[in-house]
Amino acid sequence: MVGIPGHTPPHLPHPFDLEGVLSAVDQTTEIVTVTGASISFPGVRALDGVDFRLFPGEIHSLMGENGAGKSTLIKALTGVYQLDSGTVEIAGEQVRFTSPVQAQAAGISTVYQELNLISNLTVAENVMLGHEPKRGPLIRTRAMREAATEHLERLHLRIDPASMLGSHMIGVQQLCAIARATAVQAKVLILDEPTSSLDKTEVDALFSVMRDLKAQGVAIIFISHFLDQVYEIADRITVLRNGKLVGEWETTQLPKFQLISHMVGKTADELAAIAGEAAAGERVTQDAEPLAQAIGLGRRGMIEPFDLDTYPGEIVGLAGLLGSGRTEVARLLYGLERPDHGTLTVRGRQVRRFAPRHSLRRQVAYSTEDRKVEGVVGDLTVRENILLALQARRGPFKPIGKKEADELVNKFMTSLDITPANPDLPIKNLSGGNQQKVLLARWLAISPALLLLDEPLRGIDVGTKAEIQRIIADLARQGMSVVFISSELEEVLRISHRIAIMRDRRKIGEEVNSQTLTSSKIFETIASSQELR
């Protein structure tokens with residue numbers, strides 16, 4: 001960071017008395033002030049002279065497409081990245097954090113988009129990490145679990161605090177990360193895509209906690225691609241595009257269509273045209289024989305036996321609340337888990353070897369919901385990530401030739417509009433949305449007959465979301481069979497030809513998509529199923 005001439009910014013972790021500073025600050029005085037923030041990575045100008053301000057007792061939404069600079073800005077605020085130029089002030093005092101630990105010591109608590117948790121520790125150890133109740137040097141385990149339970153219950157999450165975090169699905173882990181962030185007495189709370197894995201009930205619980213914190217004077221930065229949520233909870237909105245500041249508005253003064261236009265740099269008519277192309281339309285083929293057929297497929301303790309057919313040219317949506325069993329269905333179909341009930345056939349042949357390598361040979365591909373852990377390989381380049389599945393299918397003794405590799409990579413970089421358009425960049429330097437596009441390119445490179453997509457639109461901006469939906473619809477029109485999973489029912493309804501409804505790790509119904517099928521009807525099916533049990 002470039003400092004002010006003649007002034008040396010404080011270097012933490014010496015104690016930073018944010019509480020004392022705030023005692024003289026009212027809600028009309030900025031608690032966070034960023035001026036002229038710029039950061040560059042190899043081949044990427046992530047931030048370009050960005051200004052930003054945050055006030056106590058407000059919820060401020062930071063908006064923009066993937067790659068706009070949102071996550072980079074908050075990582076600069078919390079010491080993950082260092083500014084090339086510009087300044088950061090906390091309650092009027094210039095600071096330079098060199099680690100998230102220093103930022104937390106200064107009263108800034110953060111939930112990053114890519115969860116920063118320790119899967120081989122318990123839920124309680126993760127929630128209370130860094131502020132465990134102690135007696136002398138020893139952690140009071142019982143008190144720690146009781147405190148963790150209290151913080152989790154504020155989010156309506158009731159799980160065993162002694163259970164291993166890694167044993168829970170990604171949505172539960174997301175709530176644990178939020179509980180950890182709200183467990184400390186922070187004065188600035190940063191939430192980067194906190195609702196991406198949550199159902200409506202859990203979102204409502206989170207918003208209730210956020211409103212309580214706001215009333216206590218906590219300043220909250222809220223990053224989300226769910227526009228309805230932004231307009232429900234945020235007081236002000238700042239928009240970034242291509243690493244630059246577009247503007248700042250009070251939420252009530254910025255109509256939704258204008259926000260989208262500011263974010264993507266397109267008019268409402270241009271966006272409507274893209275959205276129209278994303279609709280699935282009629283199923284392309286009417287084959288009597290399914291491409292894949294699950295009969296009584298299940299695994300004890302994981303998912304109840306279910307039947308599911310998929311046909312060429314058809315998109316089958318899986319709808320249900322968090323923990324309903326959607327992901328478990330996909331993992332069984334792909335062979336990440338081995339069933340102990342039922343049968344699975346692909347192209348009329350019964351599957352006996354359940355493992356990803358065998359699925360790849362059957363031209364079955366699976367894009368996981370956990371992009372960070374099971375998806376991208378951060379230290380590999382974009383090129384290497386795209387070619388990974390194809391090389392795995394061919395084996396170590398049949399390397400992909402340079403000409404073929406270049407043609408494949410260039411094809412998908414162009415067709416999916418992956419930016420920056422440099423295949424030799426480490427994928428970790430790309431935004432979350434562009435990493436998602438690379439994952440999609442990886443599976444398209446093997447020309448799958450059946451593509452299983454688990455939350456492919458999570459953390460994706462509105463413009464990129466429409467583009468990926470259009471690509472999925474085009475793949476179905478070309479004869480591919482697709483299973484599409486999303487926690488957003490409107491997304492499932494928009495793109496699917498047929499919808500399987502899940503609850504409590506059971507398939508409870510199936511509906512052909514039509515104009516009469518609504519999200520309310522699906523919720524009624526889920527609710528009535530619960531009443532009958």
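Heavy-atom basis, side chains included; hydrogens, waters and symmetry copies ignored.
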- Message: For Ala319 versus Val492, what's the shortest heavy-atom pair and its separation?
- Response: CB-CG1, 4.4 Å
- Query: Are the side chain of Arg442 and the backbone of Gly375 linked by a donor-acceptor contact shorter than 3.5 Å?
  - Reply: yes
- Separation of Gln258 CD from Ile237 CD1 (nearest 0.5 Å): 11.0 Å
- Item | Leu191 side chain reached by Ile221 side chain, heavy atoms, under 4.5 Å | no
- Rounded to the nearest 0.5 Å, what separation is found between the CZ atom of Phe354 and the CZ atom of Arg331? 14.5 Å
- Sub-4.5 Å side-chain heavy-atom contact between Asp51 and Val34: no
- Message: Check whether Gln173 reaches the backbone of His168 with its side chain - one donor and one acceptor, N or O, closer than 3.5 Å.
- Response: yes
- Examine distances only and state if a side-chain atom of Thr182 and a backbone atom of Ile178 form a donor-acceptor pair shorter than 3.5 Å. yes
- Task: Look at the rings of Tyr366 and Tyr334 and say which category their plane angle falls in: under 30° parallel, 30 to 60° tilted, over 60° perpendicular.
- Result: tilted
- Is there side-chain contact between Val482 and Val316, with at least one heavy-atom pair below 4.5 Å? no
- Query: Can any side-chain N or O of Ser163 pair as donor or acceptor with the backbone N or O of Ile159 at less than 3.5 Å?
  - Reply: no
- Item | Worked check of side chain to side chain contact (heavy atoms under 4.5 Å, CB included) between Tyr231 and Thr252 | CA-CA 8 Å; Tyr231 276 84; Thr252 56; over 6 Å; no
- Task: Determine whether Pro161 and Val127 make a side-chain contact, defined as any pair of heavy atoms from C-beta on separated by less than 4.5 Å.
- Result: no
- Task: State whether the side chain of Asn126 and the backbone N or O of Cys176 hold a donor-acceptor pair below 3.5 Å, judged by distance alone.
- Result: no
- Message: Which heavy atom of Ala181 sits nearest to which heavy atom of Leu189, and what is that distance?
- Response: CB-CD1, 3.8 Å
- Query: What is the minimum heavy-atom distance between Ala330 and Leu452, and which atoms define it?
  - Reply: O-CD1, 3.6 Å
- State whether a side-chain donor-acceptor pair under 3.5 Å links Glu491 with Ser486. yes
- Query: Thinking salt bridges, do Asp340 and Arg299 make one under a 4.0 Å N-O criterion?
  - Reply: no
- Note on the structure: For Ile522 and Leu517, the nearest pair of non-hydrogen atoms, with its separation, is CG1-CD1, 4.2 Å
- Whether Lys507 side chain and Ile501 backbone form a donor-acceptor pair below 3.5 Å: no
- Message: With a 3.5 Å distance limit and no angle check, can you tell me whether Asp192 reaches the backbone of Ile223 through a side-chain donor-acceptor pair?
- Response: no
- Task: Please report the closest heavy-atom contact between Gln435 and Leu430, naming both atoms and the distance.
- Result: NE2-O, 3.1 Å
- Query: Can you check whether Arg506's main-chain N or O pairs, donor with acceptor, with Asp504's side chain at less than 3.5 Å?
  - Reply: no
- Item | Nearest heavy atoms of Pro456 and Gln436, plus distance in Å | O-CG, 3.1 Å
- Item | Close side-chain approach of Gln469 to Leu457, heavy-atom, < 4.5 Å | yes
- Test item: Leu493 and Asn513 side chains (from C-beta on) under 4.5 Å apart, heavy atoms: yes
- Item | SB check Arg236 Glu248 (cutoff 4.0 Å) | yes
- Derivation of the side chain to side chain contact (heavy atoms under 4.5 Å, CB included) call for Leu318 and Val329: CA-CA 9 Å; Leu318 296 186; Val329 167; 3.8 Å; yes
- Pair Glu524-Ser520, side-chain hydrogen bond (donor to acceptor under 3.5 Å, both in side chains): steps then yes or no: CA-CA 6 Å; Glu524 287 173 8; Ser520 296; 5.8 Å; no
- Determine, step by step, whether Asp454 and Thr327 satisfy the side-chain hydrogen bond (donor to acceptor under 3.5 Å, both in side chains) criterion, reporting the C-alpha distance in whole Å, the side-chain angles of both residues, the deciding distance to 0.1 Å, and the verdict. CA-CA 7 Å; Asp454 194 354; Thr327 293; 2.8 Å; yes
- Does a donor on one side chain and an acceptor on the other come within less than 3.5 Å for Thr110 and Thr78? no
- Query: Is it true that Arg498 and Glu511 make a salt bridge, defined as a side-chain N closer than 4.0 Å to a carboxylate O?
  - Reply: no
- Query: Under 3.5 Å, is there a donor-acceptor pair between the Gln104 and Ser109 side chains?
  - Reply: no
- Task: Check whether any side-chain heavy atom of Leu308 lies under 4.5 Å from a side-chain heavy atom of Phe306, and answer yes or no.
- Result: yes
- What's the verdict on side chain to side chain contact (heavy atoms under 4.5 Å, CB included) for Met210 and Phe222, showing C-alpha distance, side-chain angles and the deciding distance? CA-CA 10 Å; Met210 290 171 64; Phe222 178 64; 3.9 Å; yes
- Task: Kindly compute the distance separating CG (Asp235) from CZ (Phe55), expressed to the nearest 0.5 Å.
- Result: 11.5 Å
- Query: Backbone N or O of Met128 within a donor-acceptor pair of the Arg180 side chain at under 3.5 Å?
  - Reply: no
- Item | Phe97 vs Tyr81, side chain to side chain contact (heavy atoms under 4.5 Å, CB included): CA-CA, chis, key distance, verdict | CA-CA 9 Å; Phe97 301 135; Tyr81 297 149; over 6 Å; no
- About how many Å separate CZ of Arg154 and CG of Leu175, when rounded to the nearest 0.5 Å? 13.0 Å
- When rounded to the nearest 0.5 angstrom, what distance separates CZ in Arg470 from CD1 in Ile495? 11.0 Å
- Message: For the residue pair Glu125 / Thr122, report whether a side-chain donor-acceptor contact shorter than 3.5 Å exists.
- Response: yes
- Got a donor-acceptor contact below 3.5 angstrom from the Lys214 side chain to the Ala219 backbone? no
- Rounded to the nearest 0.5 Å, what's the gap from CG on Leu332 to NE2 on His341? Could you check? 11.5 Å
- Message: Just so I know, are the side chains of Leu54 and Val188 near enough to count as touching, which here means a heavy-atom distance under 4.5 Å?
- Response: yes
Which donor-acceptor pairs under 3.5 Å do side chains of residues 132-153 form with protein atoms, sequence neighbours excluded?
residue, atom, partner, partner atom, Å
Glu132, OE1, Gly130, N, 3.4
Glu132, OE2, Gly130, N, 3.2
Thr149, OG1, Arg145, O, 2.8

